Amino acid sequence: MATYEEEVTLFGVVGSPFVCRVQIALRLKGVEYKYVEDDLNKKSDMLLKYNPVYKMVPVFVHNQKPISESLVIVEYVDEIWKHNPILPSDSYQRAMARFWSKFIDDKCVAPAWKSVFIVDEKEREKAAEELNEALKFLEDELKDKFFGGDEFGFVDIAAVFIPIVQEVAGMQLFSSENFPKLYKWSKDFHNHPIVKECLPPKDQLFAYFKARAQSLAARK
């Protein structure tokens, strides 16, 4: 049973894959928390107070101590609530999980986003090529049902962005033909009861991505 439940708050936005990462971790651990919905276009004073550096969700507040950045939060949750471990117990395997999770953020997230939402066709094609190269590495790395083995773990949670983008875009970022292991993984992970419970409906996901794309376009 989780502790400190009455002092756990998550600031988020419906449809955000990064918020979903944290929600999956909390659901896996059975941690009860207060969810506070924020606004991408008009960020709350509390969000700006708790995350003055990036001014983004998710922000996790535990015992009045704020933590930002989704994977940092997931690691913290795993350290505080020891049952149902997310990171491997072996030091080397734990380091590899951190490596591949960073690889996903560095090499998969941005090109996946661009390959779907960027207007310029050449830039979109370039992003799709970059994503394809990155997915080749993940295909080779996937040895079991999940990156975490028989049960999903840290890398799987980091990679939730990929099946979400595929769902929202209504397109195949990868298929059973070119990436058979990743394709099966995406189906198994997306349909896992814990993951399924944390993912918003497709219309809410699409609304988030559309608002995010408009927000980024307005900055140019």
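A quick note: this is a predicted structure, and the numbers were derived from the prediction, not measured.
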Nearest atoms (heavy-atom pairs only) where [X] meets [Y]:
X      : Y      : value
Asp106 : Lys102 : OD2-NZ, 2.6 Å
Leu87  : Ala97  : CD2-CB, 3.9 Å
Pro58  : Val22  : CG-CG2, 3.9 Å
Ala127 : Pro111 : O-CB, 3.4 Å
Pro200 : Gln204 : CB-OE1, 3.4 Å
Pro163 : Ala159 : CD-O, 3.1 Å

Cationic N near anionic O, under 4.0 Å, Arg21 to Asp105: yes
Is it true that Glu133 and Lys136 have a side-chain N and a carboxylate O under 4.0 angstrom from each other?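 Result for this pair is yes, salt bridge flagged.
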Any chance you could measure [X], atom [atom1], to [Y], atom [atom2], to the nearest 0.5 Å?
X      : Y      : atom1 : atom2 : answer
Leu47  : Asp38  : CG    : CG    : 4.5 Å
Leu135 : Phe179 : CG    : CZ    : 5.0 Å
Ile164 : Lys202 : CD1   : NZ    : 12.5 Å
Phe11  : Phe60  : CZ    : CZ    : 11.5 Å
Thr9   : Asn63  : OG1   : CG    : 10.0 Å
Leu131 : Glu129 : CG    : CD    : 11.0 Å

Do the side chain of [X] and the main chain of [Y] share a donor and acceptor less than 3.5 angstrom apart?
X      : Y      : value
Lys107 : Ile104 : no
Asp144 : Phe146 : no
Asn51  : Met56  : yes
Glu141 : Phe147 : no
Asp140 : Phe137 : no
Asn178 : Phe174 : no
His190 : Val195 : no

Is it the case that over 12 heavy atoms from other parts of the model lie below 6.0 angstrom from the [atom1] atom of [X]?
X      : atom1 : answer
Tyr35  : OH    : yes
Lys181 : NZ    : yes
Asp150 : CG    : no

Worked verdict on Arg98 versus Leu71 for side-chain contact (heavy atoms from CB on, under 4.5 Å): CA-CA 9 Å; Arg98 292 187 179 111; Leu71 293 181; over 6 Å; no
Report the relative orientation of the aromatic rings in [X] and [Y]; use parallel for angles under 30°, tilted for 30 to 60°, perpendicular for over 60°.
X      : Y      : result
His62  : Trp81  : tilted
Trp100 : Phe103 : perpendicular
Phe152 : His192 : perpendicular

With salt bridge (Lys or Arg N to Asp or Glu O under 4.0 Å) as the test, would you mind laying out the steps for Asp45 and Lys49 before giving the verdict? CA-CA 6 Å; Asp45 292 339; Lys49 172 188 173 183; over 6 Å; no
May I ask you to test the [X]-[Y] pair for a side-chain heavy-atom distance under 4.5 Å?
X      : Y      : value
Phe154 : Glu75  : yes
Phe189 : Val160 : yes
Ser68  : Val53  : no
Lys34  : Leu10  : no
Leu199 : Cys20  : yes
Ser44  : Val36  : no

Can you list the steps and then say if Trp185 with Asp156 is a side-chain contact (heavy atoms from CB on, under 4.5 Å)? CA-CA 9 Å; Trp185 164 83; Asp156 302 280; 2.8 Å; yes
In sequence, state the C-alpha distance, the side-chain angles, and the governing distance for Val77 and Leu28, and then conclude on side-chain contact (heavy atoms from CB on, under 4.5 Å). CA-CA 10 Å; Val77 168; Leu28 177 64; over 6 Å; no
Could you walk me through whether Ile162 and Leu182 satisfy the side-chain contact (heavy atoms from CB on, under 4.5 Å) test, starting with their C-alpha distance in whole Å, then the side-chain angles of each, then the deciding distance to 0.1 Å, before giving a yes or no? CA-CA 10 Å; Ile162 298 171; Leu182 272 178; 5.8 Å; no
Would you say the ring centers of Phe161 and Phe18 fall short of 6.0 Å from each other?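 Between Phe18 and Phe161, which both carry aromatic rings, the centre distance is below 6.0 Å.
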Does Ile67 share a hydrophobic cluster with Leu48, counting links as ILVMFWY side-chain heavy atoms below 4.5 Å and allowing steps through other members?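 In one cluster with Ile67: Leu48, no.
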